[in-house]
Amino acid sequence: MTSPYQFAHDAYAAALQTSFAHLEDGEESGESAHVAGRVMLLRRQGRLAFATMRDSTGEIQLFALDGVAENFDEFSKLHLGDWVGVVGEIVRTKRGELSVKVATFERLAEARHNFGDKWAGITDFDLRYRHREADLWANETSRRSLQRRSDMIRAVRERCWAAGFMEVETPILTPVASGASARPFVTHHNALDSDFYLRVAPELWLKRLVVGGFERVFELGRVFRNEGVSPRHNPEFTMLELYAAYWDFEDMMSFTEELVAGVALDVLGTTEIEYQGRQLSLSAPWARRPMAELTSEALGVEVSVHTPRDVLAGYLGERGVEVHASWGAGRCLAELFENSAEEGLWDATFVTEYPVEVSPLSRRHRRDAELTERFESYAAGRELSNGFSELNDPDEQRSRFEDQARLAAAGQDETMAIDEDYIRALEWGLPPTAGLGVGMDRLAVLLADESNLREVIAFPTLKPVRD
RNA sequence: GCGCCGGUAGCUCAAUUGGCAGAGCAUUUGACUCUUAAUCAACAGGUUCCGGGUUCAAGUCCCGGCCGGCGCACCA
């Protein structure tokens, strides 16, 4: 029997369950449907057989009778997991199960492997992540989480478009990996005989488009960082970055809270979500708290970027953090914040006033030259977004990059690479602009109520199996 | 990269102190005209992750490796 090339499918399980809800036990509707999906369960009973078929919307029972179904013997020999296309009347069985009474059926494709135990499904992480196609049939929560991610991406796009942002695409293969302090992946282009880096952020390209006159741009794309893998980190992840000319960081914070709360509303219908058994608020407006203030509260002692560097270093030492000789007061404060206050930020909160030292692309704060007009948002103790008033002075940008180069020379692993083309772009004039980056996987984890990033990534990065 | 834990049939899991490697589901065969994780009967299914070692005897203990989970580090 050759495998069919097509099936004239005209009905879905969930819609049938709804539109024939009125059928009484034992009643026949007189209406026929063409349904298709996978056989998930099969109950043969002599000259009749029942199958539970699942499609992308839900499940419906297939009811086959010898003498009524034209190829009953083949039906009763189906395997769990086989794809079928069925034509038959919609009926409700005597025992009350809505069913398609099989007139004809075709096996559309065979399943050579099963989809796990009927009860337990597939639980082995290795199998689930390496063969997500099987996991998706075996585990309802896997389907739900990836569906939520898709709903989220859609909502983000629609809200960005609605706010007048235009979607653009910038290079993934780049001659310099800059725009974030992260180790890049390196690859090689043969014809150009040049090494390229996979981007660690689209930031610098996007700002060049603003220089070019596109006032509001966004990119939703994959970035790559050659760093550790954990429940909260995948080497490739999806970032939303957007830039708005004429805005400052305050404007961007307002946009951020509206965007994230709006997306939660679109996906979940609420901005008061439950995450890991605990209520979490994404409702705007979010608290806006200077880093120094949060850190002082957590430490029980007043600190700021103006506290002597060695005093801050001393507090870090007490907390068991190894202080690098090249760290100034700004870096020390940021480290102290991460070590003390960060984890406690449960409801969505903006942390503001990041030190210049850790913010090489941010504009200095208009009230304090040691600080920047930068914010990060946190939820469930984790960073969700990062944004700032963009540094648009090419001379200062050059000196900030040079500071980064000095730190690299002093032995710091993760620093930002100098990008001459970007500095030249700034020389053409970047208007006052605010930018935002949102970790889409992190947001998806919140919306899907998952604790592990891999659950919202269809095919997370795994080590290849070697012989 | 480091630490802890794990890997047994296609799937989910057992296996006492080191003493014959098992069950349910799936597959195969048979019975059954209203099942719902159908039921009943039978057959088959194993490089116990891989490679060494200790021992009369290793799924179990030891060493090395592979892969995964969690934590740390790095980072978002």
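These numbers come from the heavy atoms of this one structure, side chains and all, not from hydrogens, waters or symmetry mates. Letters A, B, ... are given to chains in the order of the sequence lines, protein chains preceding strands, and every chain is numbered from 1.
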Rounded distance in Å between the C1' positions of B/G3 and B/U55: 31 Å
Looking only at B/U12, B/A76, B/C34, the nucleotide nearest the A/Gln45 side chain is B/C34
Rounded to whole Å, CD of A/Glu89 lies from C1' of B/C34 at a distance of 16 Å
With rounding to whole Å, what would you report as the distance between B/U28 and B/G52 at their C1' atoms? 39 Å
Query raised in the report: With rounding to whole Å, what would you report as the distance between B/A21 and B/U8 at their C1' atoms?
Result: 8 Å
Closest of B/C13, B/U36, B/G69 to the A/Tyr129 side chain is B/G69
The nucleotide from B/G71, B/C67, B/A76 with an atom nearest the side chain of A/Asp126 is B/C67
Residues in residues 50-62 of chain A with a heavy atom under 4.0 Å of RNA chain B, by number, are A/Phe50, A/Gln61
Query raised in the report: Between A/Phe237 and B/A76, do the rings stack, that is, sit under 5.5 Å apart with planes less than 30° off each other?
Result: yes
Regarding the side chain of A/Lys463, the nearest nucleotide among B/C34, B/G68, B/C13 is B/G68
Closest of B/G69, B/U33, B/C11 to the A/Leu127 side chain is B/C11
Roughly how many Å apart are B/A58 and B/C11, using the P atom of each and rounding to a whole number?
27 Å
- Side-chain N,O (A/Arg43) to OP1/OP2 (B/A38) below 4.0 Å: yes
Of the listed B/G68, B/U12, B/U36, the closest approach to the A/Arg130 side chain comes from B/G68
Per atom distances to the A/Ile122 side chain, the nearest of B/G69, B/U12, B/A76 is B/U12
Below 3.5 Å between N/O atoms, which protein atoms pair up with nucleotides 22-30 of chain B? Just atom names and distances, please.
residue	atom	partner	partner atom	Å
B/G24	N2	A/Asp117	OD1	2.4
B/C25	O3'	A/Lys118	NZ	3.3
B/A26	OP1	A/Lys118	NZ	2.6
B/A26	O2'	A/Asn114	ND2	3.4
B/U28	OP1	A/His79	NE2	2.6

> When rounded to the nearest Å, what value does the distance between P atoms of B/C66 and B/A9 take?
Replying inline: 22 Å
Per atom distances to the A/Pro231 side chain, the nearest of B/C70, B/G68, B/A38 is B/C70
Within residues 335-360 of chain A, the residues having a heavy atom closer than 4.0 Å to RNA chain B are none
